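The structure appears right after this line, and notes come after that.
What you see is a predicted model; the values in this text were computed from it and never measured.
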Amino acid sequence: MSGPPAIEVRGAVRRYGPVVALDGVDLNVDAAATGLLGRNGAGKSTLMKAILGLVRLDQGAVRVLGADTAREGDHVRRRIGYAPEHECLPPELTAADLVRHLAELRGLSRADAIRRASEVLFAVGLEEERSRVIGSFSLGMRQRVKLAQTLVHAPELVILDEPTNGLDPAQRSEMLEVIRRVSRDLGVRILISSHILDDIRRTCDHVVVMRAGRVTLDRPLAARAGEDDSMLIETVTDSAPLLALLAGRGLQVEAAGDLRLRARITGPADRAAIRDAAAESGAGLRRLHPDGPSIEDELLEAIG
């Protein structure tokens, strides 16, 4: 994307007495959807408060959409949307009234606020429930209201803190799909804080992992270049006939232990050739996977 990164963090340090919540954090966030992973106490909440301009750093600086949060916090907050983790919705208001009211507080005219409230409630799947009071909503529906209010003023960046907190599996899956649709179809850049790896894998293009106030991993979630070049083939029975068959068909392959082969592949055609040769040789294919740690392994190691 053109222009400055959505979020720039340089040398951020924040202490609470003897506790160092942020310990020299350097970070650029500019993917369509970025996941912020880490255990409770890793520093995620403090980092988000710094991004929002709600805490003053002891050292370092944070810029959001090119603006310094310490000096231009009000300007930053007008351009972003934020959904906190904890319950914060007035139960006596309807979804439409609340979202419209918050749109007006952000500077929209009443007519524009009504129109935008209708649009974002439709986008998050609450159009038919827009006139119900929020107190009658399920937890999943209330989470969607929080998402709607973050979007109503057309922000350039949305920050979501544990958006699936407390949801059952069906509600969680629906919420993740809505978040991905907002990022993919509406073109809104999103930063999602979570301690659930699967939520990040299903919604994000980039991941940042924090541990003890430091960034321990900062990388795209797409497979690494060359990650699939070397594959391990695990067979059900003796792998020697399969090795001979694959070598005869021009693949670079070698034994890698009992019932295991290691092959160099260049694309989907080689995968299909391995599958077909396994059936033809009678060895049977138990598992075909990259040779080396998976993305999940890398993330879990970074989380600690």
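Side-chain contact between P91 and I134: absent, with no pair of heavy atoms (C-beta onward) separated by less than 4.5 Å. L57 is listed as a side-chain neighbour of L22, based on a closest heavy-atom distance under 4.5 Å. When side chains are defined from C-beta on, I192 does not count as touching L36, because their heavy atoms never get closer than 4.5 Å. The shortest side-chain heavy-atom distance between V145 and F137 falls under the 4.5 Å cut-off. Between L288 and L232 there is no side-chain heavy-atom pair separated by less than 4.5 Å. Looking only at side-chain heavy atoms (C-beta outward), I303 and L217 stay at 4.5 Å or farther from each other.
Atom CG of residue D199 and atom OG of residue S193 lie 10.5 Å apart, to the nearest 0.5 angstrom. A distance of 5.0 Å separates CZ of R100 from CG of D97, quoted to the nearest 0.5 Å.
Hydrophobic clustering (ILVMFWY, side-chain heavy atoms < 4.5 Å, transitive): I190 and M175 are in one cluster.
A salt bridge does not link E129 with R144: none of the charged nitrogens is closer than 4.0 Å to a carboxylate oxygen. R110 has a carboxylate O that lies under 4.0 Å from a charged side-chain N of E104, or vice versa, which qualifies the two as a salt bridge. Contact check on D198 versus R202 returns a salt bridge, with a Lys/Arg side-chain nitrogen under 4.0 Å from an Asp/Glu carboxylate oxygen.
Identified under the side-chain hydrogen bond (donor to acceptor under 3.5 Å, both in side chains) test for residues 38-57, with sequence neighbours left out: none. Applying the side-chain hydrogen bond (donor to acceptor under 3.5 Å, both in side chains) test to residues at least two apart or on different chains, the pairs with a partner in residues 203-215 are D23-R214, R180-D205, H206-D218.
Remark: the N28 side chain and the R10 side chain contain an N/O donor-acceptor pair separated by less than 3.5 Å. Side-chain atoms of E162 and H195 include a donor-acceptor pair closer than 3.5 Å.
Residues forming a side-chain hydrogen bond (donor to acceptor under 3.5 Å, both in side chains) with R249 (at least two apart in sequence, or on another chain): E280. Remark: R116 engages E119 in a side-chain hydrogen bond (donor to acceptor under 3.5 Å, both in side chains) (not counting sequence neighbours). Remark: R15 engages no residue in a salt bridge (Lys or Arg N to Asp or Glu O under 4.0 Å) (not counting sequence neighbours). Applying the side-chain hydrogen bond (donor to acceptor under 3.5 Å, both in side chains) test to K146 and every residue at least two apart in sequence or in another chain returns Q143.
Counting non-hydrogen atoms of neighbouring residues, nucleotides and ligands closer than 6.0 angstrom, the CD atom of E254 exceeds 12 such neighbours.
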